Amino acid sequence: MTTLYLIALLLVAVIAANIVKPFIPRVPEALVLIVVGGLFTFIPVFKNFELDPEFFLFLIIAPLMFQEGQGISFATMKKHFNAIFQLSVILALFVVGIVAFVTNKIQSAWPLTLAIALAAIVVPTDAVAVKSMTTGLKMPKGLNQSLELESLFNDATGIVLLDLALSVYREGHFSLPNAIGHFAIVALGGLIIGALASGLIVALRLYLSFHASSAQATTIPLNILTPFAIYLLAEHFHLSGILAVVAAGIVHNYEESRLQLIATESRVVSGTIWQTLTTLLNGIVFVILGLSIPRILKFIGDFGFNKSFALFWLAIIIYAIMFAARFVWVSFQKQDRLVGFFGKHQTKDRIHRAQIFGIAGVHGAVTLALALSLPNTINGRPLPFLNEILLIATLVILISLLVATFALPKLLDDEELAYSEEELNNTRSEMIDSAIIKVEQRIANHDVKTAIAQTLQTQKLTIAQPNPHSEQASIALLTKISDQLQERLDQMIEEGYDQDVVDRYTRFLQRGLLSPAISRHPLVRIKQSLHHLRHEIAWHTKTRTFTKGQRQRYREAMMEKDPTRAQQVREWKNDREAMLSLNKEMKKTADALLANVLKEELETHEHTENVAPVRKLLDRFFRIVNHDYRKKAVAVDTAEYVQAFADEYSYLSVQLAAGQVKPAVANELYNEINQAQTLLLMEQENHEE
């Protein structure tokens with residue numbers, strides 16, 4: 001129960017950080033999460049917080065690496081295999097060698113194996129953290145991909161090297177052939193077992209997609225459980241679980257590219273789940289780093305000022321060495337295959353990219369996981385310098401985050417937005433209004449038209465921004481529509497409608513539609529409802545009629561005793577039929593008037609937000625005239641909604657072909673329409689069931 005409580009609080013911390021982040025947009029999300037994690041240490045349950053490293057690797061790192069693997073296609077792997085090997089293995093070994101050598105020289109009391117262990121811990125990079133820092137910045141083309149490819153596999157290099165260093169320390173001797181063999185078996189074995197196991201799972205999922213009674217209920221959970229199962233399988237055989245889940249992710253990417261449009265709903269749902277899950281897990285990593293701050297402060301207190309200061313400088317030196325190693329490695333690379341990533345050799349662009357590549361080598365999730373995974377004892381004796389290694393690794397993470405936070409904005413230009421929010425919002429509004437006009441022209445039923453228009457109108461709520469129009473604009477439009485309805489009523493008298501019925505409807509129009517805004521205030525509505533309820537209770541008590549049958553018998557008896565009242569009721573019924581007929585004509589007129597207003601405002605590129613509230617008020621008035629005070633659900637054929645979305649597609653296509661809408665805006669709105677249509681169809685299906 002305590003573990004579940006901790007996980008829930010970690011999720012709350014991530015949510016809190018995401019709430020705070022918009023108020024400080026220039027601060028990277030990773031730093032916000034660390035600060036929130038530090039604040040959460042004041043909660044009693046997080047006092048003396050320690051995390052099981054195996055739990056961390058299994059529950060957080062494994063699914064993150066699996067998802068990263070799913071983002072890399074097999075074709076990309078094949079095309080950039082040489083670059084991946086250079087970045088994730090050769091460069092990683094180069095950095096580890098230099099860091100271990102310098103660390104061993106500075107900390108001469110440390111065994112070389114522990115210096116290598118520290119270097120292996122700090123070598124993995126975190127491309128996700130870099131993305132959060134470069135939001136709104138223009139990363140050179142190809143460089144971002146190089147960071148992602150490096151991060152995907154250098155984690156495994158660090159893990160294997162750490163395991164190798166600890167094995168040498170445990171056994172007390174080093175053999176180069178054995179080390180190379182160990183590296184090859186653990187790394188290649190992890191890749192092979194991950195690919196084979198994932199292939200079997202993919203085959204099982206394909207079979208279940210076509211034969212299971214509920215495909216989604218089986219294939220989606222199976223997809224979510226895949227990285228955990230494969231990680232445990234690889235670790236059971238003492239192979240690299242991280243490389244195994246990366247290989248599994250790549251195989252799953254290959255599966256999706258082969259499936260194309262098969263099982264689309266399952267793929268959309270699982271994709272959404274994975275996107276949400278990885279966002280939360282990445283956030284939890286940095287929250288945990290923040291939760292570790294008190295432990296780091298305790299280490300500093302235990303070490304004393306002089307030793308802590310020396311370790312702090314060692315962390316700075318290690319970071320500087322890694323930056324220099326990355327910068328030099330990129331600057332002097334002459335391979336043509338790497339030109340797409342780092343630019344042409346011996347140019348200013350190459351030097352600029354080398355600087356960015358060096359600073360963007362940010363450390364995060366895997367470095368923290370490896371530091372926490374260090375054993376407390378080896379061969380029955382405490383692991384020496386354990387706390388020193390933990391402190392240095394944490395400081396390297398923080399230093400890399402801080403340096404990247406301040407340096408990357410200076411090295412990178414601001415990203416040129418493909419479109420502004422205003423462009424997107426205006427195009428969305430015009431698209432929806434155009435579809436509503438088409439609905440008005442195509443459908444005769446007022447209730448169906450209103451239901452579809454109100455549904456389409458909700459698409460405008462996809463952004464949270466204040467309405468630029470005041471209530472006065474809506475009242476002005478309502479007055480204009482009411483005047484036009486009155487003109488139509490005058491024409492109907494000339495066409496032969498009963499004068500008394502039209503006069504009565506006119507009074508309804510003036511009192512119900514053109515009454516001051518205060519009459520529609522919620523408190524006034526409550527007062528009117530209470531008055532009506534008091535009147536109803538008094539009448540039922542007086543007549544002693546409480547059931548429907550009692551009321552019916554009371555009316556029949558009253559009409560038999562009072563012929564005059566019976567005649568009035570018959571006349572009232574005739575008048576009611578005339579009133580309902582007139583109300584139906586007014587609905588038709590109002591729909592046409594609103595459609596014309598919408599069309600005029602759309603043609604002049606004016607804001608049309610005042611049309612929706614007026615439509616809502618008119619619909620309420622027509623229901624009151626019908627004595628239908630409660631809004632009833634309107635049955636709308638699914639095909640009508642599909643056609644309405646098709647009208648939106650058509651509008652975008654025409655505007656795009658005419659050059660009136662930017663391709664990026666059109667793509668964004670196409671995605672919104674797809675999502676809205678999918679959601680609506682799913683809801684319709686649930687209602688039908």
Side-chain angles (χ1 to χ4, degrees), residues 26-35 37-38 61 64 87-88 91-92 94-96 98-100 102-103 117-135 137 139 143-144 146-152 154-155 157-159 161-162 282-283 285-293 296 311-330 353-372 388-412:
R26 303 301 289 178
V27 179
E29 185 178 357
L31 293 181
V32 176
L33 289 162
I34 291 172
V35 172
I61 303 301
L64 286 176
L87 292 167
S88 301
L91 175 59
F94 177 60
V95 171
V96 167
I98 296 177
V99 171
V102 173
T103 301
L118 174 60
I121 288 172
V122 298
V123 76
T125 55
D126 192 336
V128 175
V130 176
K131 279 187 179 180
S132 72
M133 296 179 177
T134 55
T135 302
L137 300 174
M139 182 73 78
L143 189 58
N144 197 53
S146 71
L147 292 169
E148 291 178 353
L149 293 174
E150 177 196 21
S151 175
L152 189 62
N154 71 356
D155 301 339
T157 301
I159 291 171
L161 287 176
L162 176 61
N282 273 305
V285 168
F286 292 102
V287 170
I288 290 174
L289 183 59
L291 291 171
S292 303
I293 290 176
I296 300 305
L311 293 175
F312 176 75
W313 273 108
L314 178 58
I316 293 178
I317 291 170
I318 288 174
Y319 175 77
I321 290 171
M322 288 192 292
F323 167 77
R326 294 168 65 84
F327 175 82
V328 170
W329 190 86
V330 171
R353 292 186 180 219
Q355 290 176 331
I356 298 171
F357 186 79
I359 293 173
V362 173
H363 310 280
V366 177
T367 295
L368 180 62
L370 294 181
L372 294 174
E388 287 86 341
I389 294 174
L390 289 174
L391 177 59
I392 293 172
T394 305
L395 289 174
V396 168
I397 294 174
L398 294 175
I399 292 168
S400 69
L401 289 171
L402 289 172
V403 172
T405 298
F406 293 103
L408 287 178
K410 297 183 180 300
L411 292 172
L412 299 173

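Quick caveat: nothing in here was measured; it's all calculated off a predicted structure. Hydrogens, waters and symmetry mates play no part in the numbers below; they use all other heavy atoms, side chains included.
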Kindly state each residue pair satisfying salt bridge (Lys or Arg N to Asp or Glu O under 4.0 Å) with at least one member in residues 393-411, sequence neighbours excluded. none
What pair of heavy atoms forms the shortest contact from L87 to S146, and how long is it? CD1-O, 3.6 Å
Out of curiosity, L390 CG to L372 CG, how far, rounded to the nearest 0.5 Å? 7.0 Å
Applying ring-ring contact (aromatic ring centres under 6.0 Å, His included), name anything that partners Y319, two or more places apart in sequence or on another chain. none
Taking side-chain hydrogen bond (donor to acceptor under 3.5 Å, both in side chains) as the definition, give me every residue that meets it alongside E388, ordered by chain and number, with sequence neighbours left out. K307
To the nearest 0.5 Å, how far apart are NE2 in H363 and CD1 in I399? 10.0 Å
Contact check, side chains of M139 and I356, non-hydrogen atoms, under 4.5 Å: yes
With sequence neighbours excluded, tell me which residues meet side chain to side chain contact (heavy atoms under 4.5 Å, CB included) with F312. I316, L395
Could you walk me through whether K131 and N144 pass the side chain to side chain contact (heavy atoms under 4.5 Å, CB included) test, one step at a time? CA-CA 9 Å; K131 279 187 179 180; N144 197 53; 4.2 Å; yes
side-chain hydrogen bond (donor to acceptor under 3.5 Å, both in side chains) partners of N154, counting only residues at least two apart: T125
Between the CG atom in L161 and the CD1 atom in I121, the distance rounded to the nearest 0.5 Å is 11.5 Å
Side-chain contact, heavy-atom cut-off 4.5 Å: T157 with V123? no
Donor-acceptor pair, T405 side chain versus L401 backbone, under 3.5 Å? yes
Could you measure the distance from the CD1 atom of I159 to the CG atom of L162? Nearest 0.5 Å is fine. 8.5 Å
Please report the shortest heavy-atom distance between A325 and F94, naming the atom on each side. O-CE2, 3.7 Å
Those residues that, when tested against T103, pass side chain to side chain contact (heavy atoms under 4.5 Å, CB included) (two or more places apart): V99, W110, A115, L118, L314, I318
Please list all pairs passing the salt bridge (Lys or Arg N to Asp or Glu O under 4.0 Å) test where one or both residues lie in residues 316-326, with sequence neighbours left out. E150-R326
Rounded distance [0.5 Å steps], CD1 in I397 versus CG in L368: 5.0 Å
Taking all atoms of both residues into account, what is the closest heavy-atom pair of S151 and A127, and its distance? OG-N, 3.5 Å
Run the side chain to side chain contact (heavy atoms under 4.5 Å, CB included) test against I296 and tell me which residues pass, sequence neighbours left out. F299, I300, L391, T394
Sorted by chain and number, sequence neighbours left out, side chain to side chain contact (heavy atoms under 4.5 Å, CB included) with A404 holds for M133, I359, V362, L408
How close do G361 and S400 get, counting heavy atoms only, and between which atoms? O-CB, 4.5 Å
To the nearest 0.5 Å, tell me how far L33 CG sits from L289 CG. 10.0 Å
Report yes if some heavy atom in the side chain of P409 is under 4.5 Å from a heavy atom in the side chain of L137; otherwise report no. yes
Would you say T367 and V396 make side-chain contact, with heavy atoms under 4.5 Å? no
If you look only at pairs with a residue in residues 118-128, which of them pass as a salt bridge (Lys or Arg N to Asp or Glu O under 4.0 Å), with sequence neighbours excluded? none
